[in-house]
There are 2 protein chains.
Amino acid sequence: MTHDREQTGLRERKKARTRQALVAAALRLFAERGFDAVTTEEIAAEADVSQRTLFRYFASKEEIVLSVHDQIEEGFRLKLAARPAEEHPFTAMVNAFADAWSELEPADVAAQLQVLRISNDSSRLHGARQERVCSHQNRLALLIARRAGVDPRLDPRPELLTAAFTSALQVAFGRSCRAAGQDNLLEAVDECLALLPTALTADWDTANTPAHTSTPDADGQILPVGG
Amino acid sequence: MTHDREQTGLRERKKARTRQALVAAALRLFAERGFDAVTTEEIAAEADVSQRTLFRYFASKEEIVLSVHDQIEEGFRLKLAARPAEEHPFTAMVNAFADAWSELEPADVAAQLQVLRISNDSSRLHGARQERVCSHQNRLALLIARRAGVDPRLDPRPELLTAAFTSALQVAFGRSCRAAGQDNLLEAVDECLALLPTALTADWDTANTPAHTSTPDADGQILPVGG
DNA sequence: AAGATTATGGCAGCAACTGACACTTGGCAA
DNA sequence: TTGCCAAGTGTCAGTTGCTGCCATAATCTT
């Protein structure tokens, strides 16, 4: 990712630059006016290419945004595959998530957050993103099944675990976007992943509410999850 | 639902009939040729209305299919609100699901299954459905929060619980559709909902695999969920 | 430098929608 | 019953996402 200048030819460099320009233009315009209020022709004009070229780089308007989202999902799967096999599947996913985000550069982090914000703007885009998350989750399930040595077609638990994990992440993303603060995403994720197992099992409608529920302005981490 | 003939006027009856004809035509055509291969004009022609009229009844092509899906989600929320307050939130949702499906007529059950099958056919439709599921899950979270007496903006557990529950349902739906048999949906749901809590917590990568994992052709219910 | 490969642009066209307008139909009261 | 008003419908034009086709221009190879 650092110096592939001499490896690739001019053609590939140009393509990468065009693609990058399209993504940058799209994200900026979407953030300014919202996903639905920006046409593909405007994005293409902003990146100094024709609309036809835009659709040669991205299969759809949503794809431009989702391509950014794909980066971190792919990184997450790579990190998961690299986690030691002794770890519990859930722990491995929690740590893989932290690994993937920790190696992002600040600009990439900002792009990811912007994608989350933009996704909440349009129901069309949100649906497309959900579908991506779904197929990502399916690939996660295969990784988990292989790691645990079970047949994913007989045992539903890999799918169930990854589905619960992924949806907890979505909850954290949603809450983080809804909150006024901007850089609380990691904390929201930590909190949600820590609460997920107990939310299912414990009798939380009676007494043992989590500590911060009664003290909403606690700013410390609820439970450290990183490795 | 049985005899509202004398309550409503001719105008409303006509509207209901048109709407029903559109849904029936769409489902049939989609099942025959796939969601993407059917145009809205064809659906309109099949229901003897103009394309413009179709879009006065449904906001989008996906909406025609999703309107069927909405019925059961709405029924589910009604049943959940009717469950006794003493039940654990998770148990209440499991029972509400069974309640909602048990009161469906056979034709409605068939329609729901067809919707699931059609949804897997098109990525666009699948994304739209996921988005519906998402907003449904948000409303579920509000119901659960009220039932448990917690503030959903401070306590993420209602969202987490409903997200995990909903995604477990999706897993069950997907597995049921992928399976060769046709009427195993309820069993798949029972199995997934029963396995969900343990999939998160227990060390299932070592020993305690569920009973039917080694005996895939067990046909009994894994765990009764009804009330 | 010439030829092969590949990226790009322009254009026509399809399908999902939408707004505007005219027309028909059902509901309701004089 | 008659007549008026509201509501449903069809037609048409137009926008937008997206694709196939072909000509052109840029890059790579030899």
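We name chains A, B, ... by the order of the sequence lines, and we start the count at 1 in each one. All figures in this text were calculated on a predicted structure; none of them were measured in a lab.
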For A/Glu41, answer base if it contacts any base atom (sugar-phosphate contacts may also be present), sugar-phosphate if it contacts only those atoms, and nothing otherwise; contact means non-hydrogen atoms under 4.0 Å.
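The residue A/Glu41 makes no contact with any strand.
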Just checking A/Glu62: base, sugar-phosphate only, or nothing, at a heavy-atom cut-off of under 4.0 Å?
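Touches sugar-phosphate only.
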In whole angstroms, how far is the [atom2] atom of [N] from the [atom1] atom of [X]?
{"X": "A/Asp36", "N": "D/dT15", "atom1": "CG", "atom2": "P", "answer": "18 Å"}
{"X": "B/Ile43", "N": "C/dA15", "atom1": "CD1", "atom2": "C1'", "answer": "12 Å"}
{"X": "B/Arg17", "N": "D/dT9", "atom1": "CZ", "atom2": "P", "answer": "11 Å"}
{"X": "A/Gln51", "N": "C/dA7", "atom1": "CD", "atom2": "P", "answer": "19 Å"}
{"X": "A/Phe58", "N": "D/dT16", "atom1": "CZ", "atom2": "C1'", "answer": "19 Å"}
{"X": "B/Lys61", "N": "D/dT16", "atom1": "NZ", "atom2": "P", "answer": "21 Å"}
{"X": "B/Arg13", "N": "D/dA7", "atom1": "CZ", "atom2": "P", "answer": "19 Å"}
{"X": "B/Phe55", "N": "D/dG10", "atom1": "CZ", "atom2": "C1'", "answer": "15 Å"}

Backbone of B/Arg83 reached by a side-chain donor or acceptor of B/Arg147 within 3.5 Å:
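Looks like yes, one N/O pair under 3.5 Å.
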Give a yes or no on whether the backbone of B/Asn138 and the side-chain of B/Glu159 come within a donor-acceptor separation of less than 3.5 Å.
no
Test item: side-chain donor near acceptor, A/Gln137 and A/Thr162, under 3.5 Å:
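On atom types as modelled, these side chains qualify, holding a pair under 3.5 Å.
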With respect to the phosphate group of [N], does any side-chain polar atom (N or O) of [X] fall under 4.0 Å of OP1 or OP2?
{"X": "B/Lys14", "N": "C/dG26", "answer": "yes"}
{"X": "A/Tyr57", "N": "C/dA7", "answer": "no"}
{"X": "B/Ser50", "N": "D/dT9", "answer": "no"}
{"X": "B/Thr39", "N": "C/dA15", "answer": "no"}
{"X": "B/Lys15", "N": "D/dG8", "answer": "yes"}

Between C/dT18, D/dC18, C/dT5, spot the one nearest the side chain of A/Arg11, thanks.
C/dT5
Starting from the 5' end of DNA chain C, give me the residue, B/Ala59 or A/Asp48, whose nearest nucleotide shows up first.
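Its nucleotide being nearer the 5' end, the pick is A/Asp48.
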Donor-acceptor pair under 3.5 Å, A/Arg52 side chain vs D/dG20 base
yes
Distance check, rounded to the nearest 0.5 Å: A/Ile64 atom CD1 versus A/Leu22 atom CG?
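That separation rounds to 6.5 Å.
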Please determine if B/Lys61 forms a cation-pi arrangement with B/Phe35, meaning its NZ or CZ atom is less than 6.0 Å from the six-membered ring centre and no more than 45° off the ring axis.
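Verdict for B/Phe35: a cation-pi partner in B/Lys61.
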